[in-house]
Amino acid sequence: ALCKMIPFTRFCFISIYICINTTSDSLTLALSTSSLSDGNISKSRSTSPPVKVWDGVLSSTDQRKSLHDYASKAGLGHKCFTRPLSNIEERNIIERTLDAILTELDDSTSSKPKQYVEYWTRQEWRHIEAHSDVDESLAKKYDAMNIDEATIKDLASKYPSTYVHNNEGGYRYPTHGHVLYLQVGTDVKGPTCVFPRRSSGGDLLQPLQQRTEEGERDVATCDSRSNAGQVELIIVPAVSGRLLRFDGEDLHAVPRPHDLWMLPFVKGGAEYKPEETWGRSVILFNVWPGDEDPPLDVPLDEAVVDTQSTSTETNLVSKYPSWTEVPIEQQSSDIPPPDSQSNQSVKVWLLGNERRRGHPMRTAPLLSPEDGGREAVRGALGEKDKVTQLWLRHKDSC
């Protein structure tokens with residue numbers, strides 16, 4: 001193996017050794033920490049695109065209905081299973097399907113075949129404020145504590161690939177997050193909105209920290225390459241049979257109404273019935289590495305006698321070659337809007353307490369894109385199937 005030490009010089013706390021195994025083309029990152037009193041201690045990230053979307057993952061209407069029916073009866077609580085699966089006859093239809101999806105994605109390597117998959121379901125279109133998925137019980141355990149340096153070192157040692165330390169004490173994040181869309185009502189405009197490389201409301205309001213060629217973390221400068229002062233937003237409409245995958249640290253949300261972030265207030269209550277009109281049935285699942293503990297206090301590998309199956313049990317999901325990767329299209333407008341429209345606020349609602357939000361307020365105030373203004377945002381949020389990328393702005397963007 002060839003190894004090179006790269007100094008992480010912004011805070012002078014970490015040395016990173018990059019080791020390339022010349023026989024397996026694998027990349028290994030080893031972190032040596034001398035102090036953790038400031039800065040971010042972050043797991044290694046994948047170099048693949050941060051957001052991926054596929055259609056046709058569940059091409060069978062019957063399969064989607066079977067999953068929806070089982071999820072409706074199983075409740076909303078989080079569960080977890082180990083893969084590769086064992087005792088398949090004791091695994092429910094959701095676990096078998098998620099395992100099949102991850103198998104099609106080849107979401108394991110020969111060196112780390114074991115994974116934990118945490119999952120839960122929703123059947124209604126509800127407003128979900130912007131948040132990143134974390135090890136929830138572990139986060140609550142440390143919410144009331146003043147996390148000291150010894151605790152941080154212990155967490156970084158115990159969870160080397162999932163724990164990220166920041167000025168709020170840090171969290172443990174999954175490797176990837178996913179949304180599997182089962183059934184979508186005719187009047188639902190319930191997109192999943194992903195903010196790549198942002199993990200909190202505080203992140204939304206700060207320049208994106210980038211890594212230089214020397215491996216150093218660097219604050220973005222005012223040039224077109226770094227998109228300084230801009231916040232990337234990927235808007236993924238809910239489409240039956242669609243799969244969304246994003247980095248496990250990424251902030252994400254589901255606004256209701258779809259243009260909530262631009263409304264001064266909302267009148268009346270939301271409708272949830274009939275299901276054919278307002279239902280939004282999804283399975284949400286996170287992947288955790290099998291060489292660390294599963295998420296704390298989430299039931300693991302509960303045996304279930306699953307009487308609900310499909311007649312095509314060997315074809316739980318479509319084969320990967322038949323999936324259609326959905327392109328991410330940039331939202332644009334040929335006619336620049338007036339300054340008064342372009343500079344109107346887009347308020348992103350944030351989930352959780354102040355530590356989780358990384359921001360004292362419940363909303364993160366951003367500006368609409370220069371190209372298209374608020375109408376560009378509203379149009380992208382109202383799309384039926386097109387996946388859109390746009391760039392919100394900081395109020396002090398350069």
Side-chain angles (χ1 to χ4, degrees), residues 8 13-19 21 24 26-33 36 39-48 50 77-86 91 95 98-99 101-103 105-120 131-143 145 147-166 168-178 197 199-200 245-252 284-302 355-356:
F8 199 80
F13 295 145
I14 306 173
S15 295
I16 299 180
Y17 294 86
I18 297 184
C19 300
N21 189 319
S24 63
S26 63
L27 181 68
T28 303
L29 289 166
L31 276 68
S32 172
T33 63
L36 302 174
N40 293 326
I41 309 307
S42 178
K43 59 185 177 178
S44 60
R45 312 306 296 163
S46 170
T47 58
S48 61
H78 287 225
K79 298 179 178 64
C80 193
F81 69 91
T82 307
R83 65 181 303 266
L85 288 178
S86 59
R91 307 266 61 88
E95 294 178 357
L98 300 187
D99 179 68
I101 288 173
L102 292 170
T103 299
L105 287 171
D106 192 25
D107 200 56
S108 63
T109 65
S110 58
S111 60
K112 291 185 178 181
K114 182 179 176 182
Q115 293 174 321
Y116 298 111
V117 182
E118 177 191 18
Y119 68 94
W120 63 105
H131 67 286
S132 293
D133 292 339
V134 300
D135 187 328
E136 295 287 349
S137 293
L138 189 70
K140 291 176 182 177
K141 177 180 177 180
Y142 291 104
D143 266 346
M145 297 174 57
I147 302 179
D148 57 19
E149 186 172 308
T151 302
I152 292 168
K153 286 183 176 181
D154 180 63
L155 289 169
S157 174
K158 187 173 183 180
Y159 308 113
S161 66
T162 57
Y163 175 70
V164 179
H165 167 57
N166 57 31
E168 287 76 40
Y171 289 98
R172 186 178 179 224
Y173 298 93
T175 305
H176 286 103
H178 306 77
R197 294 171 290 273
S199 299
S200 69
R245 163 179 269 205
F246 51 90
D247 190 285
E249 289 186 38
D250 284 351
L251 201 70
H252 53 283
L284 308 108
F285 61 104
N286 294 328
V287 175
W288 299 85
D291 55 355
E292 295 182 12
D293 291 341
L296 185 65
D297 296 336
V298 176
L300 177 64
D301 293 331
E302 289 186 329
R355 185 172 90 88
R356 181 77 169 267

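This structure is a prediction, so every number in the text was calculated from the model and none was measured.
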### Any side-chain heavy-atom pair of L138 and Y159 under 4.5 Å
yes

## Note on the structure
Shortest non-hydrogen pair, A139 vs V134, comes out as CB-CG2, 4.2 Å

#### Entry: Closest non-hydrogen atom pair, D250 against R197
OD1-N, 2.9 Å

### Interatomic distance, T175 atom OG1 to Q115 atom CD [nearest 0.5 angstrom]
7.5 Å

### Query
Closest approach of E302 and P299, non-hydrogen atoms and distance?
OE2-CB, 3.4 Å

### Query
Do the side chain of D301 and the main chain of T82 share a donor and acceptor less than 3.5 angstrom apart?
yes

### Task
Check C80 against Y119 and note the closest heavy-atom contact, atom names and distance.
N-CE2, 4.3 Å

### Task
Supply the atom-to-atom distance F81 CZ to L98 CG, rounded to the nearest 0.5 angstrom.
5.0 Å

### Query
Is any side-chain heavy atom of L251 closer than 4.5 Å to a side-chain heavy atom of S199?
no

### Query
Can you name the one residue among D133, D293, D135 that meets salt bridge (Lys or Arg N to Asp or Glu O under 4.0 Å) with R172?
D135

### Query
Would you call the rings of H178 and F285 parallel, tilted or perpendicular if under 30° counts as parallel and over 60° as perpendicular?
parallel

### Message
So which atom in S132 and which in E249 form the shortest heavy-atom distance, rounded to 0.1 Å?
### Response
OG-O, 2.8 Å

### Query
Does some side-chain heavy atom of H131 sit less than 4.5 Å from a side-chain heavy atom of H252?
yes

### Query
Can you say whether the rings of H78 and W120 are parallel (under 30°), tilted (30 to 60°) or perpendicular (over 60°)?
parallel

### Task
Please lay out, stage by stage, how R83 and T103 fare under the test side-chain contact (heavy atoms from CB on, under 4.5 Å).
CA-CA 10 Å; R83 65 181 303 266; T103 299; 3.0 Å; yes

### Task
For the residue pair I152 and Y163, establish whether any side-chain heavy-atom pair is separated by less than 4.5 Å.
yes

### Summary
What one should report as the nearest heavy-atom pair of L105 and R245 is CD1-NH2, 3.8 Å

### Query
Side chains of D154 and S157: donor-acceptor distance under 3.5 Å anywhere?
no

### Message
Any carboxylate oxygen within less than 4.0 angstrom of a Lys/Arg side-chain nitrogen, looking at K140 and E136?
### Response
no

### Ring-face cation of R355 near Y171 (centre distance under 6.0 Å, axis angle within 45°)
yes

